[in-house]
Amino acid sequence: MYETWKCVLGKLPEAVYRVLGIERAVTQELLASGKLKAAPTPDPRLGDFGVALQPVLKGINYAKWSIVGADLARELYALTHDECWVEKVDFVNGYLNIAINYNQILKSISEEFLSGRVFKELRSIGGGEKAIVEHTSANPVHPLHVGSGRNSVIGDTFARLLEKLGFNVETRFYVNDIGRQVATLIYGVRIVESSGVEKPRDLKIDHWYGVIYALTNIIIEQGKLREAINGKIRDFIERASEICDVCSSRGSELTRETCLEICEVSWKRNYKVELLKYAGRIYKLLKSTVKPGENPAIENLTRILKELRDLLREYRSFTRAGWKLALYYPEVYSALKSSIKSYREAEEEITRLMLGAEREEPGTLQLFSKTVNEVLNGFRETLNKLGVYFNGFDYESSPEVLKTAHQVVDDLLRGGYARIIEGGAVEVNLDELAERYDYIKRLFHPDRAGRFVIRRSDGTTLYVTRDIAYSIYKFKVLGASRVYNVIAIEQTREQKQLKAVLYLLGYRREAENLDHFAYEMVHLKGLRMSGRRGLYYTIDEMLVDAELSILKKLIEKEEKRELRDLLEIAEKLAVANTRAILVSVDPGKVLVFDPGKISEVEYGVMIQYAFVRAQGVVRNLWGLEFLDSREEVVGKTIEYTRGFEGVDFTSEEKKLVDDILKYPLVLKTAYIEKSPSKILEYALNLAIDFNKFYEKYPVISEKNENARKARVLITVLTLLILSELIDILGFPKLRRM
RNA sequence: GGGCCCGUAGCCUAGCCAGGAGAGGGCGCCGGCCUCCGGAGCCGGAGAUCCCGGGUUCAAAUCCCGGCGGGCCCGCCA
């Protein structure tokens, strides 16, 4: 198609010159700059594609357009009829509309696809280059939820796409196993285990640990918040007393009512419950009566009240989450509650665990790796169901990462890129370095580059530092020439810091080839997710929900099939649907998802259905199973490319041919724009267009031989492409459904 | 306070970077279609101030400026 477009556009300058006398170079310039271009027509009756000619006709009296246009159409037709397979050129109010011979097009693309040339050309893009895709890398402290699931599916789909494009792809999972979060989990697990509370037998280990982690975290946070709230209340009373004094000496611009409220509070300073009741009311009163900048003392009070309100709100949210978990897991809750005497004690213990791990104490490290690996096994189980596999897991605690991290700090200090700041921590000041290195300036532009610490005053490294080390590892040890980090968008800054440091350390090529594949959050309707509070919709739940909704539909159809078969179909379709939902929205946009409506989003099912139907045609025509004998199907189809002519293509058929033509372009675009959602969208459109075609026209039973040949070709090409797309999307393949 | 991203029918989404004809799809809703390669489908219908206001242009959902609304980032956290 694009070939014919190019062909026609190539002749346009000549036609314009012959009719209007405008120099060929002028039209060529318009084409080159994109002012003139071909685009599909809005209605197939107008033709197959059109060119908006207004830029050329601009100088001509509008009354003459139709005459000039007709001449142009005639001239262009004469020039392109033979060479570009053009059948008709029309001029309609400023547009040149062109109809082309689909017989020729179908013949030529069939040969391209059936000979495998299309796929081969696509593979030449990567040409065996080694690309690493790091994805998922979820903290091993709770089960994978929809957010991590989006990461997995985007990463896995992109990796599969890269493979189709001929890259030598390796997928890696980076295990954050020495952070505070893991230490918190281990701290909680030790308490729960020593209290003799056991995991319910049917609960996955990652879900169990998720509960323990959340409750531990909640109890600690509650302790912290209680202390902060008490402090705020003290501040509040102090300020209130001050203001009350001003009020009673009549030196205040506050209303009488507000003054009285404030005084009441300061007199009742010992009745805490009463105070909290007033806090909100006074805050509202102050906000409505005080103008900014008038009275610093009162503004201070307003600020304190606002902070108090926020703290209370947060406390409440933790408490609610705690209640919910305690309801289902009362033994866990009481074990933790009774053992965690104070949050300070708990935090000290957690810090000790962290330090022990970073100092590579054998006992601590063993404990860490045991716990983390248990959770990772849970992850693997979930991911395998989804069809997501990794070539390897890399541990943050590994000597390769930790040693290199310290090396990175030393190198930066030696190179003068980092310095020791007050207190002894090591900092990189990118603001200064951005002045010297344009690369860094551009990286952060138009924002300030900022500064960041890479080694704490106690000598331990930070997450970024270890991430820098890991990046070096990916390039130097794993031998990547290109790295994609599928990481949430909120880490954009950290990823830029990472690139900046790589650049400073002389890894310039590596910095250029390190790509932050950013994706936005998943927003659940009616639930705010928070791993720290144990609030999440897990992938395991999502898969079950999807499977149940599909099974329900299957059973409703009252098919006389074995339950075992139904279950298998439901399971496969559930995976397809789940993956489809998670990849359906462009990574750069927030994915809004309502778990209650999971049965309504059926992108995966629609694609599978078209795939199954196309297989049915091949089965009935030749008695062949496409999934077992692809080569044979292709071989038989090649015979159909010979000798069909004079077929009038219907608009449904033309649409499918157009779709088929787009395949290579879609893959390239999805790759360049890092947008796996485009693959899904394309597959969906192909499936919809195929369903329409299939429903409307007979394939095997078509009487006209040429038309039958054309339809078989279209069907097999669709089948081939759907098969490739399903590979990329990572759906399990079905024969029937 | 500074920086980035997003705003398209009841809901979700494409188109925006490279401006062109009636803003494509899907879900949901209403009405039809199973003697016909498997109806998880097809056909038809209703439903949109393309967030608002300016500007550039023959032409703006698209580009520019200014608002409004939502998200994210600016830690000796990970």
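So you know, we letter chains A, B, ... as the sequences are listed, proteins then strands, and number each from 1. Only heavy atoms go into these numbers, but all of them, side chains included; no hydrogens, no water, no symmetry mates.
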Under 4.0 Å between any heavy atoms, over every strand shown, what does I178(A) touch: base, sugar-phosphate, or nothing? Just pick one.
-> nothing
For K525(A), which contact category applies under a 4.0 Å heavy-atom criterion: base, sugar-phosphate, or nothing?
-> sugar-phosphate
Apply side-chain hydrogen bond (donor to acceptor under 3.5 Å, both in side chains) to the pair D545(A) and Y537(A), showing each step before the final yes or no.
-> CA-CA 11 Å; D545(A) 287 349; Y537(A) 183 51; 2.6 Å; yes
Could you state the atom-to-atom distance from CZ of F611(A) to C1' of G38(B) in whole Å?
-> 16 Å
Hey, is the main chain of A449(A) close enough, under 3.5 Å, to the side chain of R493(A) for a donor-acceptor pair?
-> yes
When the P atoms of A61(B) and C50(B) are considered, how many whole Å apart are they?
-> 8 Å
Rounded distance in Å between the C1' positions of C16(B) and A60(B) = 10 Å
Looking for any heavy atom pair under 4.0 Å, which part of the strands does F444(A) touch: base, sugar-phosphate only, or nothing?
-> nothing
Decide if atom NZ of K674(A) counts as having more than 12 heavy atoms of other residues, nucleotides or ligands within a radius under 6.0 Å.
-> yes
Using a heavy-atom cut-off of under 4.0 Å over every strand shown, decide if G450(A) touches base, sugar-phosphate, or nothing.
-> nothing
Could you check whether K696(A) gets within reach of a base, just the sugar-phosphate, or nothing at all, counting any heavy atom under 4.0 Å?
-> nothing
Interatomic distance where CG belongs to L524(A) and P belongs to G71(B) [whole Å] = 15 Å
Counting just side-chain N and O atoms, does K496(A) come under 4.0 Å of either OP1 or OP2 of C73(B)?
-> no
Whole angstrom is fine here: how far is it from CG in L665(A) over to P in G15(B)?
-> 13 Å
What is the nucleic acid contact for P446(A), judged by heavy atoms within less than 4.0 Å: base, sugar-phosphate only, or nothing?
-> sugar-phosphate
Span that lies between the C1' atom of G66(B) and that of C30(B), in whole angstrom = 43 Å
Separation of the C1' atoms in G15(B) and C76(B), to the nearest angstrom = 47 Å
Which part of the nucleic acid does V617(A) contact within heavy-atom distance under 4.0 Å: base, sugar-phosphate only, or nothing?
-> nothing
Could you work out the separation of G31(B) and U13(B) based on their C1' atoms and round it to a whole Å?
-> 26 Å
If you round to the nearest 0.5 Å, how far is CG of L725(A) from OG1 of T157(A)?
-> 11.5 Å
Using the C1' atoms only, state how far G10(B) lies from A46(B), rounded to an integer number of Å.
-> 13 Å
NA contact type, T41(A), heavy-atom cut-off 4.0 Å: base, sugar-phosphate, or nothing?
-> base
May I ask you to say what N97(A) touches in the nucleic acid, namely base, sugar-phosphate or nothing, with a heavy-atom cut-off under 4.0 Å?
-> base
For the side chain of N691(A), counting heavy atoms from C-beta on, which of G41(B), G71(B), C76(B) is nearest?
-> G41(B)
Whole-Å gap separating C1' (G3(B)) and CD1 (I489(A)) = 13 Å
Among the nucleotides G3(B), A14(B), G71(B), whichever has the atom closest to the side chain of D447(A) is G3(B)
Using atom C1' of each nucleotide, how far apart are G67(B) and A48(B) to the nearest Å?
-> 23 Å
Checking all strands, does Y697(A) fall into the base, sugar-phosphate, or nothing category for heavy-atom contacts under 4.0 angstrom?
-> base
Is G50(A) touching bases, backbone alone, or none of the nucleic acid, heavy atoms closer than 4.0 Å?
-> base
Considering heavy-atom distances to RNA chain B, does Y694(A) or S677(A) have its closest nucleotide positioned more toward the 5' end?
-> S677(A)
What do you reckon, are the aromatic ring centroids of H135(A) and F173(A) less than 6.0 Å apart?
-> no
Touch check for R619(A), heavy atoms < 4.0 angstrom, all strands: base, sugar-phosphate only, or nothing?
-> nothing
Within the structure, does a side-chain N or O atom of R708(A) lie under 4.0 Å from either OP1 or OP2 of C37(B)?
-> no
Rounding to a whole Å, what distance do you find between Q497(A):CD and G75(B):C1'?
-> 11 Å
Contact list (N/O, under 3.5 angstrom) for nucleotides 24-32 of chain B vs protein:
residue: C27(B); atom: O2'; partner: E600(A); partner atom: OE1; Å: 3.0

Do other residues, nucleotides or ligands put more than 12 heavy atoms under 6.0 Å from the CZ atom of R735(A)?
-> yes
Could you check how far CG of L582(A) sits from P of U13(B), rounded to whole Å?
-> 14 Å
With both distances under 3.5 Å as the test, what is the Watson-Crick or G-U wobble partner of G69(B)?
-> C6(B)
How long is the line joining CG of D43(A) and C1' of G22(B), in whole Å?
-> 9 Å
Test for a donor-acceptor pair under 3.5 Å between the base of C76(B) and the side chain of S457(A), counting only N and O atoms.
-> yes
By nearest nucleotide on RNA chain B, pick out whichever of K35(A) and R493(A) is the more 5' one.
-> K35(A)
Quick one: F690(A) CZ to C42(B) P, roughly how many Å, whole number?
-> 12 Å
Which part of the nucleic acid, if any, lies within contact of Q54(A), taking any heavy atom under 4.0 Å across all strands shown: a base, the sugar-phosphate backbone alone, or nothing?
-> base
R456(A) vs A78(B): side-chain N/O to OP1/OP2 distance below 4.0 Å | yes
Do the charged groups of K572(A) and E568(A) touch, with an N to O distance under 4.0 Å?
-> yes
For E422(A), report the nucleic acid contact type (base, sugar-phosphate, nothing); a contact means any heavy atom under 4.0 Å.
-> base
